[in-house]
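Here the structure is laid out as structure tokens; the discussion comes afterwards.
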Number of protein chains: 2
Amino acid sequence: MNRIRPTPGEWEILQALWKLGPATVREVHESIAAERPVQYTTTLKLMQILAEKGLVARDESARAHQYRPAVEREDLQADAAEDLLERVFGGSAAELMQRALSRRKPKKSELKELRKTIDAWEGRKG
Amino acid sequence: MNRIRPTPGEWEILQALWKLGPATVREVHESIAAERPVQYTTTLKLMQILAEKGLVARDESARAHQYRPAVEREDLQADAAEDLLERVFGGSAAELMQRALSRRKPKKSELKELRKTIDAWEGRKG
DNA sequence: TGTAAACTACGAAGACTTTCGTTGACAACT
DNA sequence: AGTTGTCAACGAAAGTCTTCGTAGTTTACA
């Protein structure tokens, strides 16, 4: 029940790690710096904090440490989604869905995918 | 494009105001204090901050000021949902959906409602 | 060997958030 | 009039988050 709530900065690092696979600070930093201006030591610090918190693991055998996520992406995503669902949508998934797409004119393919997700549920359980 | 991001404490107040309708600090406070322990002045301070930020309006003509939301609930919810969608789910609504319900065994009625929401979209636009 | 480059570690500033105590005004009651 | 209760305003402490500079170490190489 106790949710892990990475900060926005921490999410950014984690997303980069999931995208890159095990990576050094330098690699993560360049991935992020391609999107927005940020100093190397800022990225480093965030990654050290994540390591302290146990959200990433690191291999220190090489001089440039290798980092990798130490938690399942799906679990963190579920934590985040549930948190929003409860705090902001009073538990109504339909409302969450509706608001998430309300300003966005979802594509047909997206709707199809959503339908498929729901079908999978229906099949799995009532 | 610039999203309004109430803090968790601010959300709590806003939810109470949407539930209660225009209300005094005392009323909001008692609604919240029924859920968790909190001092009156804490609630007051949050509401003053919300007023400063323009997220609530207040009528000061009576001694006990009357507060009401000054922004649309739907807009704030959309801001919050979009933020999560982008930051955590890379824009994939289907994944958001899936994670939001993954540990929850959604009820049939809930799935039906979701389907209805999607149908509404399909009808409104492709 | 000595200088430059690449790293990690560390600390700290500045902003934001939450929480609450204190103060002073006003009101109600005795 | 004096005491008690309710209210808004304010300030400030404690915690968190982001950001970056500085220091010190190791590696590369001229």
Side-chain angles (χ1 to χ4, degrees), chain A residues 2-17 22-68 76 79-80 83 87-88, chain B residues 2-17 20 22-68 76 79-80 83-84 87-88:
Chain A
N2 270 353
R3 297 188 176 126
I4 304 178
R5 280 175 227 266
T7 65
E10 289 169 352
W11 266 108
E12 199 178 15
I13 303 288
L14 288 167
Q15 299 282 26
L17 281 177
T24 61
V25 175
R26 177 67 53 189
E27 289 161 340
V28 168
H29 173 63
E30 291 187 346
S31 168
I32 290 173
E35 299 300 318
R36 67 187 183 90
V38 59
Q39 287 312 114
Y40 175 85
T41 53
T42 300
T43 305
L44 170 64
K45 180 65 160 187
L46 256 304
M47 293 178 75
Q48 287 171 340
I49 289 172
L50 279 166
E52 262 176 42
K53 292 189 181 178
L55 302 187
V56 303
R58 64 178 165 187
D59 175 355
E60 309 182 2
S61 62
R63 182 150 95 98
H65 301 173
Q66 277 249 331
Y67 287 74
R68 62 187 164 73
L76 288 192
D79 283 348
D83 180 59
R87 272 197 314 105
V88 170
Chain B
N2 270 352
R3 298 189 176 122
I4 304 177
R5 280 175 227 266
T7 66
E10 289 168 351
W11 266 108
E12 199 178 13
I13 303 287
L14 287 167
Q15 299 282 26
L17 280 177
L20 298 173
T24 62
V25 175
R26 177 67 53 189
E27 288 162 341
V28 168
H29 173 63
E30 290 187 347
S31 169
I32 290 173
E35 299 299 317
R36 69 185 183 90
V38 59
Q39 288 311 113
Y40 173 86
T41 53
T42 300
T43 305
L44 170 64
K45 180 66 158 187
L46 255 308
M47 292 178 75
Q48 286 172 340
I49 290 172
L50 279 166
E52 261 176 42
K53 292 188 181 177
L55 301 188
V56 303
R58 64 179 165 187
D59 175 354
E60 308 181 2
S61 62
R63 181 151 95 97
H65 302 172
Q66 277 249 330
Y67 287 75
R68 61 186 166 72
L76 287 192
D79 283 349
D83 180 59
L84 189 74
R87 271 197 313 104
V88 170

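Quantities reported herein were computed from a predicted structural model and do not represent experimental measurements. In what follows, chains are A, B, ... by sequence order, proteins preceding strands, each numbered from 1.
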Where the side chain of [X] meets the backbone of [Y], is there a donor-acceptor pair that is under 3.5 Å apart?
X     : Y     : answer
B:E52 : B:I49 : no
B:E12 : B:I32 : no
B:T41 : B:L44 : no
B:E27 : B:T24 : yes

Passing candidate, side chain to side chain donor-acceptor pair (under 3.5 Å) with A:T43, options A:H29, A:E30, A:R26, A:Q48: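 Result for side chain to side chain donor-acceptor pair (under 3.5 Å) with A:T43: A:H29.
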Minimum-distance pair of heavy atoms, taken over all atoms of [X] and [Y]:
X     : Y     : result
B:L17 : B:Y67 : CD2-O, 3.7 Å
B:A80 : B:W11 : CB-CZ2, 4.2 Å
B:D79 : B:I4  : OD2-N, 3.1 Å
B:P8  : A:R87 : CA-NH1, 3.8 Å
A:L55 : A:L14 : O-CD2, 4.1 Å
B:V88 : A:Q15 : O-NE2, 3.2 Å

Range on DNA chain C touched by chain B, heavy atoms, distance below 4.0 Å: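 So the outermost contacting nucleotides come out as C:dT17 to C:dA27.
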Heavy atoms of other groups near B:R68 CZ, more than 12 under 6.0 Å: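 Atom CZ in B:R68 is not crowded, with 12 or fewer foreign heavy atoms closer than 6.0 Å.
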Around atom CD of B:E35, are there more than 12 heavy atoms from other residues, nucleotides or ligands closer than 6.0 Å? no
Specify the separation, in whole Å, of atom [atom1] of [X] and atom [atom2] of [N].
X     : N      : atom1 : atom2 : result
B:H29 : D:dC7  : NE2   : P     : 10 Å
A:L44 : D:dT18 : CG    : P     : 15 Å
A:E10 : D:dT18 : CD    : P     : 6 Å

Could you pick out which residue, A:E12 or B:H65, lies toward the 5' side of DNA chain D when each is mapped onto its nearest nucleotide? B:H65
Sequence-distant partners of A:H65, ring pair (Phe, Tyr, Trp, His ring centres under 6.0 Å), two or more places apart: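 Partners of A:H65 by the ring pair (Phe, Tyr, Trp, His ring centres under 6.0 Å) criterion come out as none, since no residue qualifies.
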Flag the pair A:E10 and A:R5 as a salt bridge only when some basic side-chain nitrogen lies within less than 4.0 angstrom of an acidic carboxylate oxygen. no
At under 4.0 Å between heavy atoms, what does B:Y40 touch on the DNA or RNA strands: base, sugar-phosphate, or nothing?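 Since only primed, P, OP1 and OP2 atoms lie under 4.0 Å of B:Y40, the category is sugar-phosphate.
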Could you check which residues of residues 48-59 of chain B get a heavy atom under 4.0 Å from DNA chain D? Sort them by number, please.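 Only B:Q48, B:R58 qualify.
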Can you give me the N/O atom pairs linking the protein to nucleotides 14-16 of chain D at distances under 3.5 Å, or say none if there are none?
none

Expected string for nucleotides 23-30 of chain D under the B/S/- scheme (protein heavy atoms, under 4.0 Å, primed atoms plus P, OP1, OP2 as sugar-phosphate) is --BBS---
Could you run down the sub-3.5 Å N/O contacts of the protein with nucleotides 11-13 of chain D?
{"unit_1": "D:dG11", "atom_1": "N7", "unit_2": "B:K45", "atom_2": "NZ", "d": "3.4"}
{"unit_1": "D:dG11", "atom_1": "O6", "unit_2": "B:K45", "atom_2": "NZ", "d": "3.4"}

